[in-house]
There are 2 protein chains.
Amino acid sequence: MNDSKTRDRKTSVWLVEDNAMFSMGVRRAVDSLGGMQCAGCYPTAEAAFAALDQETPPDVILLDVQLPGIDGITALQTFRKRVPEARVIILTVFDDADKIFRAVCAGAAGYVLKSSGIDRIGDAIRQVMDGGAPMTPEVAKKVLDAFSRIEPTLDRDSMEDYHLTERERDILRLMADGLLKKEIAQALDISVHTVSTHMRRVYGKLHVTTNTGAVAKALREGII
Amino acid sequence: MNDSKTRDRKTSVWLVEDNAMFSMGVRRAVDSLGGMQCAGCYPTAEAAFAALDQETPPDVILLDVQLPGIDGITALQTFRKRVPEARVIILTVFDDADKIFRAVCAGAAGYVLKSSGIDRIGDAIRQVMDGGAPMTPEVAKKVLDAFSRIEPTLDRDSMEDYHLTERERDILRLMADGLLKKEIAQALDISVHTVSTHMRRVYGKLHVTTNTGAVAKALREGII
DNA sequence: ACGGCCGTCGCATGATCGTGTGACTAGACG
DNA sequence: CGTCTAGTCACACGATCATGCGACGGCCGT
């Protein structure tokens, strides 16, 4: 979609952090780096929300999870709804597994420990703008562990679906993610024509004639 | 407990990969690095399983997910059952979110894209042996995306919806019924242009850019 | 009375999609 | 050995969609 590498505008960063001392340090660090700029600095989530109505939304939000007033996770959820295109990086001193779990569930784009040092924050910002998800290896490990723990209900088959092949379900899934055929083709490294062929067959099996119909049916019937 | 840095034995690595060309490249890369050794190289999961009965199990398994015969994910599950102590690193060209999701759910220790280059594989092996979870930033992003998708609703009650107008929801509903814009216009006895306008605004509020994306989001979030 | 939101309509352009048609490969099954 | 299925790719045509732009009347709140 967007080629962040060739962007001509500076990455706009908001900082939501109650500790004034730390806040100032981060702000200066961000501003001193090329390609990014701290466009807003708020001590509470409430203040940041209010600013959303006034200012132009940022590209990246650095969010401290332990804030006075609105909880950090809650704030994250609100940010995700009001500015989904903004990438939120959690900034905290805790590497508590449960906090990480809830943060990523809420749609955090990255999870950076304050103890990692201020200089790491710049890296994290660049990474999220390049589509990556900055995480320390320890955090990544905790994420995967949590993943394999919640696995229980993935093999709920038994119900006869519409005899879709695995490949057809793949394409359908990506369709339901809002991707264009072209993008699906790129994601699966196949030709757009092939994607079309698969979708054509899906239409037949699902007895629909439009992409929206197929996605809706798939979602409602739990095919994907 | 065990200090992997001062281990006196080389890390034993198995490679399960059908592409002989790539396979050989990885093998040489691994062997050329210090502290690890490619102890086995199998073109299929079946072959690797058979070897499990004969050879001593490896510390790390590099597993291509797109294998002839047994599916990569299935193979991963089997490995996890038969040699739980072995750390499995998924090696693939796909960065399909669903595949990644199922892989990590099945207990993958890491997920490395082939496109990242062979040299990254050595890093990944060291990382898993140090208890980390190697992931390319792109993969990490997809993992987080999948995460935030499986637990979408923690609020369900208090949270506001996307401020969709009643009319906009009408159009969205009909979209989710698989109707074309033209048909929606007829059904509501308005102009196609009006339908377009509504959908355009829905896109903005839902932060999507395709009809399928809008329908999927609406369905998943219970907007309609 | 004025601004803001909602619903409506229009147009134009380029991208995307649906569909008919055809074809090749690899593996599975008998 | 044929036959079938799944997956792949290609081309072409018309239909449909996304999007930027502009516009108008109605209703509501202050």
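Atoms considered below: every heavy atom in the structure, side chains included; atoms not considered: hydrogens, waters and symmetry mates. Labels below follow one simple rule: chain letters A, B, ... track the order of the sequence lines, proteins then strands, and each chain is numbered from 1.
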Participant: When you compare the side chain of A:R167 with that of A:R201, does any pair of heavy atoms fall below 4.5 Å?
Facilitator: no

Participant: Go through residues 177-194 of chain B and report each residue with a non-hydrogen atom lying under 4.0 Å from DNA chain D, sorted by number.
Facilitator: B:L180, B:K181, B:K182

Participant: Would you say that B:I171 contacts B:L188 through its side chain, given a criterion of any heavy-atom pair below 4.5 Å between the two side chains?
Facilitator: yes

Participant: Please round to the nearest 0.5 Å and tell me the distance separating atom CG of A:L62 and atom CZ of A:R27.
Facilitator: 11.5 Å

Participant: Can you give me the bend angle of the helix from C:dA1-D:dT30 to C:dG30-D:dC1? Use the axis through the first five pairs and the one through the last five, nearest 10 degrees.
Facilitator: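 What I find for the helix from C:dA1-D:dT30 to C:dG30-D:dC1 is an axis angle of 60°.
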
Participant: Any side-chain heavy atom of A:H198 within less than 4.5 Å of one from A:D170?
Facilitator: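 Result no, sub-4.5 Å side-chain heavy-atom pair not found.
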
Participant: Output side-chain donor-acceptor pairs under 3.5 Å for residues 174-187 of chain B, partner residues at least two apart or in another chain, one line each.
Facilitator:
unit_1: B:D177; atom_1: OD1; unit_2: A:R220; atom_2: NH2; d: 3.2
unit_1: B:K181; atom_1: NZ; unit_2: B:S196; atom_2: OG; d: 3.1
unit_1: B:E183; atom_1: OE1; unit_2: B:L180; atom_2: N; d: 2.8

Participant: Looking only at atom types and distance, does a side-chain atom of B:D59 sit under 3.5 Å from a main-chain N or O of B:S12, one as donor and one as acceptor?
Facilitator: yes

Participant: About how many Å separate CH2 of B:W14 and CG of B:L63, when rounded to the nearest 0.5 Å?
Facilitator: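 Answer rounded to 0.5 Å: 12.0 Å.
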
Participant: Using the side-chain contact (heavy atoms from CB on, under 4.5 Å) definition, which of the options A:V128, A:V30, A:I125 pairs with A:T11?
Facilitator: A:I125

Participant: Along DNA chain D, 5' to 3', what are the outermost nucleotides having an atom less than 4.0 Å from a heavy atom of chain B?
Facilitator: D:dT16 to D:dC21

Participant: What do the steps show when you test A:L164 against A:L206 for side chain to side chain contact (heavy atoms under 4.5 Å, CB included), and what is the final call?
Facilitator: CA-CA 9 Å; A:L164 296 188; A:L206 258 46; 4.1 Å; yes

Participant: Please tabulate, one pair per line, all N/O donor-acceptor pairs under 3.5 Å involving side-chain atoms of residues 35-48 of chain A, not counting sequence neighbours.
Facilitator:
unit_1: A:T44; atom_1: OG1; unit_2: A:A47; atom_2: N; d: 3.1
unit_1: A:E46; atom_1: OE2; unit_2: A:I70; atom_2: N; d: 3.4

Participant: Counting distance only, does the side-chain N/O of A:S191 pair as donor-acceptor with the main-chain N or O of A:H193 below 3.5 Å?
Facilitator: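 Yes.
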
Participant: Of all the heavy-atom pairs spanning B:I90 and B:Y111, show the shortest one and how long it is.
Facilitator: CG2-CE1, 3.4 Å

Participant: Please list residues of residues 197-213 of chain A whose heavy atoms come under 4.0 Å from any atom in DNA chain C, ordered by number; otherwise none.
Facilitator: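 Result for residues 197-213 of chain A: A:R200, A:Y203, A:T209, A:T210, A:N211, sorted by number.
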
